[in-house]
**Student:** 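Got a structure here, written out as structure tokens. Questions coming.
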Amino acid sequence: MASGTALIYDEEMTTHKLLWSDPVCDIEVPERLSSSYEQLKCYHLVERCVRVPVREASEEEILLVHSSEHLEVAKSTQTMNEEELKRVSGNYDAFFFHQNTYRCARLAVGATLQLVDAVMSGKVCNGMALVRPPGHHSQRNAANGFCLFNNVAIAAEYAKLKYGLKRILIVDWDVHHGQGTQYIFEEDPSVLYFSWHRYEHQQFWPSLTESDYDAVGLGKGKGFNINLPWNKVGMGNSDYLAVFFHVLLPAAFEFDPELVIVSSGYDSGIGDPEGQMNATPEVFAHLTHFLMQLANGKLCVILEGGYHLKSLSESVCMTVKTLLGDPVPEITGEMAPCLSGLYADLVKEDKTLLSLGSMLAILDKILKKEVCNGIAQSPTASVSVAVALRHSVRFGFQRVLCVFVGDMQIIPNTDDGKILMIHICEKEQSGKTSSKHYIPLNWKEDAEGNDFFSAVLGFILPVAYSYRPDLTVIGIGPNRSLGISGIFLLFTLLQGLAESRILAVIEDKEINLMQSVAKALVGASTPNFGTYVPPSQEKANKIKILRDQFQQQWKMLQCSVKEGISRN
Ligand code: X5A
Ligand code: ZN
């Protein structure tokens, strides 16, 4: 399986710049690129990536998406003087030409294609390209919104042609609607295009009716265009996560892309003058982490907008760090508890509990933050889990999330809220009533394929993100009702929480299960365990009932349009 993260950047793309005064365009500055790259160097992320050089895209490649007229106009600007450049620029909505614009735009497309090649050839698993000018507003025959050529759209066409791909997902998390990309793939069912964007009932640029949620694609492409217009500014981390849980990811898992390309604009981040949103840089680590679970990890992230230099460069770093497989940071700025004072007590406890084998030694390393995660095998998983939970709470952890799969002999006391137990089992367990912190989830995996992702996205993750655990314990006991791929998904997606701290306690002696859990915990991309299938009506209802039951306590479950997305 491919590993490694490509980074593509070339200083030459900073030579495209605005030569006259224009308040609409003056935010798209060369420093967007250079400051992002500097910040990556500062965090020592550049040296951890595989450097891939840029190249110029060929005319043929540009013509995959654009008309020859458009190409010729762009080409002709290379030798123009300032006055002529200004005049041609005036033919477009929010665009400026410089003598180097054409060259930079060809490098931007070329950089994007280099990244696709690096990922598709298996040279790397994923990567990011820092490019200017951006691409997603650009259309077959027009520059628009700072974009000359549609880098991402050309990349998708190129990947279809060169690698025979049948399903590509484009996720456009830029705060503007990538109407250019939507137009290009509107009738194409092989490209699923998702975009969220500031809309404000069509008041916000580009102010198009076709940016609304009812533009779902045309002809054969119907159903393969998803718009999520925000009718208010100020959207934050939880709004973005809710959209991923309840809108994008269910569709994406079902679509089962062979490649994911991100139109990665960071003007949807806090501080951006265009977006006016509140999402912090950490959220991009989470979004990236989710998308890494698709297409066997094949993920190409291409810069689009982002105009607050600090917010932009921090968000770029969060994205690249996550692509490299680093633990996903906590989404709030809350500090971890100071633990040093509790150390003596731990040692004492440790002795009395030594009979529980290696589990406590592993847990101890996690609690002391020496390691991020670990796996313990146990002849009685539920006993070991109960001990681990009690131990963690006594150690000082405030919120421990426990997901237990299979029969549980001991159900830990969850009354003080320091433990949240989600118990996944095949049959109703009588005698234990559900409560805010003890949630039984009766689920038997479908024989036809893995439908558990719908429960993970529709229920478990929203509850978990609402709880904000500082540790996750996942127990796998006897008579588990989930297959290996379902369990794998659980482990990978729960790594987005508790700074990726996870203790796995597995009763099952099955070597396959141990191996795949280990793979999930070291961040290997999803092996091919079979397909994801949508849930049956009965299962979908079950999730809905659970959501209704718990959404007052766990707010991230709220996903009706009224409460969850628009909050009108
Ligand atoms: C790539 C991008 C924004 C254009 C805004 C024009 N373009 N008002 O973010
Ligand atoms: Zn934008």
Side-chain angles (χ1 to χ4, degrees), residues 2 4-14 16 33 37 49-68 70-71 74-75 100-140 143 147-172 174 178 180-181 184-185 188 190-191 193 257-265 291 295-304 319-320 323:
T5 297
L7 181 64
I8 309 191
Y9 168 75
D10 197 302
E11 217 180 271
E12 199 177 342
M13 285 180 281
T14 62
H16 157 68
L33 232 50
Y37 192 68
C49 292
V50 177
R51 212 194 84 91
V52 172
V54 303
R55 66 172 173 89
E56 259 199 356
S58 68
E59 295 194 5
E60 203 186 344
E61 287 161 345
I62 290 164
L63 293 171
L64 285 171
V65 158
H66 297 283
S67 68
S68 48
H70 182 57
L71 179 63
K75 205 189 291 179
N100 293 339
T101 300
Y102 176 68
R103 162 80 179 162
C104 292
R106 277 185 69 161
L107 290 177
V109 176
T112 309
L113 301 184
Q114 287 284 80
L115 181 53
V116 168
D117 280 333
V119 167
M120 290 310 301
S121 68
K123 185 177 183 205
V124 294
C125 177
N126 56 35
M128 176 155 198
L130 295 176
V131 300
R132 277 181 76 247
H136 72 152
H137 298 301
S138 160
Q139 298 150 38
R140 179 175 157 74
C147 305
L148 181 57
F149 299 138
N150 197 316
N151 308 315
V152 165
I154 296 170
E157 290 294 1
Y158 176 84
K160 279 165 57 179
L161 195 68
K162 183 161 176 187
Y163 300 99
L165 299 191
K166 298 277 178 286
R167 291 180 314 280
I168 298 172
L169 169 66
I170 298 177
V171 176
D172 188 336
D174 187 283
T181 310
I184 291 160
F185 297 113
D188 186 346
S190 66
V191 176
Y193 177 67
E258 300 159 295
L259 173 67
V260 181
I261 310 178
V262 183
S263 264
S264 186
L291 298 182
N296 232 322
K298 290 197 287 297
L299 181 58
C300 296
V301 181
I302 316 298
L303 184 66
E304 299 278 3
T319 305
V320 172
L323 290 175

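As the structure is a prediction and not an experimental result, all values here were calculated from the model.
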**Student:** Run the numbers on N150 and H66 for side-chain contact (heavy atoms from CB on, under 4.5 Å), then give the verdict.
**Tutor:** CA-CA 8 Å; N150 197 316; H66 297 283; 4.0 Å; yes

**Student:** Enter the distance from L107:CG to N151:CG here, rounded to the nearest 0.5 Å.
**Tutor:**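 CG of N151 is found 10.5 Å from CG of L107.
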
**Student:** Quick one: are the ring centres of Y37 and Y9 less than 6.0 Å apart?
**Tutor:**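 Under 6.0 Å, so yes.
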
**Student:** Tell me whether K166 at atom NZ has more than 12 heavy atoms from other residues, nucleotides or ligands lying less than 6.0 Å away.
**Tutor:**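 Open.
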
**Student:** Dump the intermediate steps for side-chain contact (heavy atoms from CB on, under 4.5 Å) on V152 and E304, then the final yes or no.
**Tutor:** CA-CA 9 Å; V152 165; E304 299 278 3; 3.7 Å; yes

**Student:** Could you check whether T101 and H16, counting side-chain N and O atoms only, form a donor-acceptor pair closer than 3.5 Å?
**Tutor:**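 Short answer, yes.
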
**Student:** Which one of D117, L259, V262 satisfies the side chain to side chain contact (heavy atoms under 4.5 Å, CB included) criterion with C300?
**Tutor:**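 Going through D117, L259, V262 one by one, the side chain to side chain contact (heavy atoms under 4.5 Å, CB included) with C300 is satisfied by L259 alone.
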
**Student:** Let's go through H136 and D174 carefully: what are the C-alpha distance in whole Å and the side-chain angles of both, what is the deciding distance for side-chain contact (heavy atoms from CB on, under 4.5 Å) to 0.1 Å, and is it a yes or a no?
**Tutor:** CA-CA 9 Å; H136 72 152; D174 187 283; 3.4 Å; yes

**Student:** Would you say the side chains of T181 and D172 form a donor-acceptor pair under 3.5 Å?
**Tutor:**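 D172 and T181 do not have a side-chain donor-acceptor pair below 3.5 Å.
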
**Student:** State, with a plain yes or no, whether a side-chain heavy atom of Y102 is found less than 4.5 Å away from one of L71.
**Tutor:**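 Of all side-chain heavy-atom pairs linking L71 with Y102, at least one is under 4.5 Å.
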
**Student:** With no hydrogens and no angle check, is any side-chain donor or acceptor of E157 less than 3.5 Å from a backbone partner on I154?
**Tutor:**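 No: the side chain of E157 does not pair with the backbone of I154.
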
**Student:** Between H70 and F149 (judged by ring centroids, cut-off 6.0 Å), do the two rings come close enough to count as a pair?
**Tutor:**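 Yes.
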
**Student:** State, with a plain yes or no, whether a side-chain heavy atom of M120 is found less than 4.5 Å away from one of L165.
**Tutor:**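 Heavy-atom side-chain distance check passes, below 4.5 Å.
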
**Student:** Treating S138 as the side-chain partner and L148 as the backbone partner, does any N or O pair qualify as donor plus acceptor under 3.5 Å?
**Tutor:**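 Judged by distance alone, yes, a pair lies under 3.5 Å.
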
**Student:** Less than 3.5 Å apart, any donor N or O on the side chain of T5 or N126 sitting next to an acceptor on the other?
**Tutor:**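 Per modelled atom types, T5 and N126 side chains form a pair under 3.5 Å.
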
**Student:** Got a second to check how far L299's CG is from I261's CD1, nearest 0.5 Å?
**Tutor:**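 These two atoms lie 9.5 Å from each other.
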
**Student:** Any side-chain to backbone donor/acceptor pair from R167 onto E258? Under 3.5 Å, distance only.
**Tutor:**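 It does not hold such a pair.
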
**Student:** If you define the side chain from C-beta out and look only at heavy atoms, does anything of C125 sit under 4.5 Å from K298?
**Tutor:**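 Not in contact.
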
**Student:** Y193 vs I168, test: side-chain contact (heavy atoms from CB on, under 4.5 Å). Steps then yes/no.
**Tutor:** CA-CA 9 Å; Y193 177 67; I168 298 172; over 6 Å; no

**Student:** Do L323 and M128 touch side chain to side chain, with heavy atoms closer than 4.5 Å?
**Tutor:**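 They are in contact (side-chain heavy atoms under 4.5 Å apart), so the answer is yes.
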
